[in-house]
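Inspection log for the structure reproduced underneath, given as structure tokens.
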Amino acid sequence: MKNTNLYKQESLDEICGGKREGVTKGPLATFRRWFRANFNVEDRKAHLFCYGMIFLPFVSFLVFWLYTNIDSILLGFQDAKGGFTLEHFQAFFKAFKGQDHRGYSIAEMLGRSLTVWFLARLMFIPSILSTYILFKKLPGHFIFRTIFMVPGVLSGIVWTLVMKNLVGVGGPVLVVADKLGVEIPLEIQMKGLLGSTETAFVTLNIINCLPAFFAFNFVISGAFARIPEDLFEVGKLEGVGFVKEFFIISIPLIWGTLVISITGWFATIFTADNGAFLYTKGEYNTATMGYYFFILKKEISDSAGAETLYGYPSAVGLLITIVTVPIVLITRHFLEKLYVDVAY
């Protein structure tokens, strides 16, 4: 039992600016009883440093996110004259069920974003394994090192040009397919794999696999490098093989890094982009929500009356945020339950 003599009964009264005589019901009274039952002088002194650590990011959130974004949030509820309206949210749901005035269907773009996101996440499995092969310097590791270096040394524009020529008209892919006797539709012969509704989206997903593969390797390799070599030597003495070493020693020790990475993935689950602007300009059923946000920003920047166009993008972003935040928090909660964080 806690020693009730240590309780500072006047704390809440001082915080509230004086005693509140006769207050026995309501939210304030409930909070006072909870405060007195859970916090005493020793607790506050012992955890003062922890409270300070929590206070700093909380203030940062209030100043650098809430304060700077409050106007953007309120724009979703304002019309062109600054009055209250819900027309931007109504336009979102109309575009979700059908199409907006630009001809885009939000339901279809969300579906493509989820597909892009899921396929990119699948690359995590071979990426983490190949990264571990590089880290352990097993025979053949130089092959993976070469694969990872190629996207890193090429700029985004150069990589885009290489891929477009690879799958375009007269490119190696179509030439090899023709030599193998594959029947190629006329539309693809004239425009390439990125110029056909039937093949453009699939081709984009395949093109984006390698950069995603490289991105995971960059993050995870640093986490593997932090593992003390002594742990692997002890494992060898105990007869631990490569597979057990990977799952029993390495994965638990880098789990904190993996949790942060996976949580970050879920933050972009509805806005994943496949480079549609660079490859197809959003045509041939390749537009995603990431591309849609780009189009909305471009529309604002190109417009003379830009101040009246912020409402709809603000409403769309707010609705997606409301759905995404719970997903991120729930994902992080369950991920932290899988492994106990190990300090080393």
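Computed from a predicted model, the values in this text were never measured in an experiment. No hydrogens, no waters, no symmetry mates; every other heavy atom, side chains included, goes into these values.
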Exercise for review: Answer with yes or no whether the side chains of Asp100 and Tyr292 bring together a donor and an acceptor at under 3.5 Å.
Suggested key: yes

Exercise for review: Identify the two heavy atoms, one from Gly282 and one from Thr286, that lie closest to each other, and give their separation to 0.1 Å.
Suggested key: C-OG1, 3.5 Å

Review point. Is Phe334 reachable from Ile327 through a run of hydrophobic residues whose side-chain heavy atoms are each under 4.5 Å from the next?
Key: no

Review point. Short question: side chain of Ser113, backbone of Met289 - any donor-acceptor pair under 3.5 Å?
Key: yes

Review point. Going by heavy atoms in the side chains, are Leu258 and Ile128 under 4.5 Å from each other?
Key: yes

**Study point:** Within one Ile-Leu-Val-Met-Phe-Trp-Tyr cluster: Ile207 and Phe277, side-chain cutoff 4.5 Å
**Key:** yes

Practice item. Check the angle between the aromatic planes of Phe224 and Phe135 and answer parallel, tilted or perpendicular using the 30° and 60° thresholds. Key: parallel

Point to revise | Pair Phe270 and Trp117, ring centroids less than 6.0 Å apart | key: no

**Study point:** Spacing of Met163 atom CE and Asn165 atom CG [to the nearest 0.5 Å]
**Key:** 9.5 Å

Exercise for review: Go through the steps for Thr331 and Trp265 under the test side-chain contact (heavy atoms from CB on, under 4.5 Å), then give the verdict.
Suggested key: CA-CA 10 Å; Thr331 300; Trp265 298 345; over 6 Å; no

Point to revise | Atom pair CD1/OG1 of Ile184 and Thr199 - distance to nearest 0.5 Å | key: 10.5 Å

Study note, to complete from the structure: So the side chain to side chain donor-acceptor pair (under 3.5 Å) pairs with at least one residue in residues 70-83 (sequence neighbours excluded) are none

Practice item. Answer yes or no: is there a side-chain heavy-atom contact under 4.5 Å between Thr203 and Val173? Key: no

Review point. How close do Ile295 and Arg102 get, heavy atom to heavy atom, and via which atoms?
Key: CG2-CD, 4.4 Å

Check your understanding: Is it true that atom CD of Gln99 has more than 12 heavy atoms of other residues, nucleotides or ligands lying nearer than 6.0 Å?
Key -> yes

Practice item. Kindly work out whether a path of hydrophobic side-chain contacts (I/L/V/M/F/W/Y, heavy atoms less than 4.5 Å apart) joins Phe247 to Leu253. Key: yes

Point to revise | Pairs involving residues 171-194, ordered by first then second residue, that meet side chain to side chain donor-acceptor pair (under 3.5 Å) (sequence neighbours left out) | key: Glu187-Ser196

Point to revise | Residue pair Val259, Arg332: steps toward the side-chain contact (heavy atoms from CB on, under 4.5 Å) verdict | key: CA-CA 7 Å; Val259 168; Arg332 183 176 179 84; 3.8 Å; yes

Revision key, fill the gap. Shortest non-hydrogen pair, Val169 vs Ile188, comes out as CG2-O, 4.5 Å

Review point. Stepwise, does the side-chain contact (heavy atoms from CB on, under 4.5 Å) test hold for Val316 with Phe293?
Key: CA-CA 9 Å; Val316 175; Phe293 277 115; 3.7 Å; yes

Check your understanding: Would the number of heavy atoms belonging to other residues, nucleotides or ligands and lying under 6.0 Å from NZ of Lys244 be above 12?
Key -> no

Review point. Salt bridge (Lys or Arg N to Asp or Glu O under 4.0 Å) with Lys298: which residues, sequence neighbours excluded?
Key: Asp302

Point to revise | ring pair (Phe, Tyr, Trp, His ring centres under 6.0 Å) partners for Phe89, two or more places apart | key: Phe77

Practice item. Answer with yes or no whether the hydrophobic clustering places Val182 together with Leu186; edges join I, L, V, M, F, W, Y residues whose side-chain heavy atoms lie under 4.5 Å apart. Key: no

Review point. Just wondering, do Val323 and Leu319 contact through their side chains at under 4.5 Å, heavy atoms?
Key: no

Check your understanding: Below 4.5 Å, heavy atoms only, C-beta onward: do Phe118 and Arg121 meet side chain to side chain?
Key -> no

Check your understanding: Going hydrophobic residue to hydrophobic residue with side-chain gaps under 4.5 angstrom, can you get from Phe61 over to Phe55?
Key -> no

Study note, to complete from the structure: To the nearest 0.5 Å, atom OG1 of Thr280 lies from atom CG of Asn285 at 9.5 Å

Review point. Do you know which two heavy atoms are closest between Thr131 and Ser127, and how far apart they sit?
Key: OG1-O, 2.6 Å

In a table with atom names and distances, give each donor-acceptor pair under 3.5 Å that connects a side chain of residues 233-240 to protein atoms at least two apart or in another chain.
none

Exercise for review: Determine, for Phe92 and Lys94, whether the Lys NZ or Arg CZ falls below 6.0 Å from the six-membered ring centre while staying within 45 degrees of the axis.
Suggested key: no

Check your understanding: Taking C-beta and beyond as the side chain, do Ile300 and Pro313 meet within less than 4.5 Å on heavy atoms?
Key -> yes

Review point. About how many Å separate OH of Tyr279 and OG1 of Thr160, when rounded to the nearest 0.5 Å?
Key: 4.0 Å

Check your understanding: Is it true that atom OH of Tyr67 has more than 12 heavy atoms of other residues, nucleotides or ligands lying nearer than 6.0 Å?
Key -> no

Review point. Can you check whether Lys281's main-chain N or O pairs, donor with acceptor, with Tyr291's side chain at less than 3.5 Å?
Key: yes

Review point. Does the side chain of Thr324 reach to within under 4.5 Å of the side chain of Phe266, using non-hydrogen atoms?
Key: no

Point to revise | Pair Tyr132, Ser250: side-chain N/O donor-acceptor within cut-off below 3.5 Å | key: yes

Exercise for review: Could you grab the distance from atom OH of Tyr310 to atom CG of Leu296, nearest 0.5 Å is fine?
Suggested key: 12.0 Å

Study note, to complete from the structure: Distance col, row Leu174:CG vs Leu166:CG, nearest 0.5 angstrom, shows 9.0 Å

**Study point:** Close side-chain approach of Ile220 to Thr257, heavy-atom, < 4.5 Å
**Key:** no

**Study point:** Other ILVMFWY residues reachable from Ile54 by side-chain steps of under 4.5 Å
**Key:** none

Revision key, fill the gap. Smallest heavy-atom separation, His88 atom then Ala315 atom, equals CB-CB, 3.7 Å

**Study point:** pair Ser130-Leu134: side-chain heavy atoms closer than 4.5 Å
**Key:** no

Point to revise | Under 3.5 Å side-chain donor-acceptor pair for Asp273 and Thr288 | key: yes

Study note, to complete from the structure: When every non-hydrogen atom of Ile227 is compared with those of Ile254, the smallest separation belongs to CD1-CG2, 3.9 Å

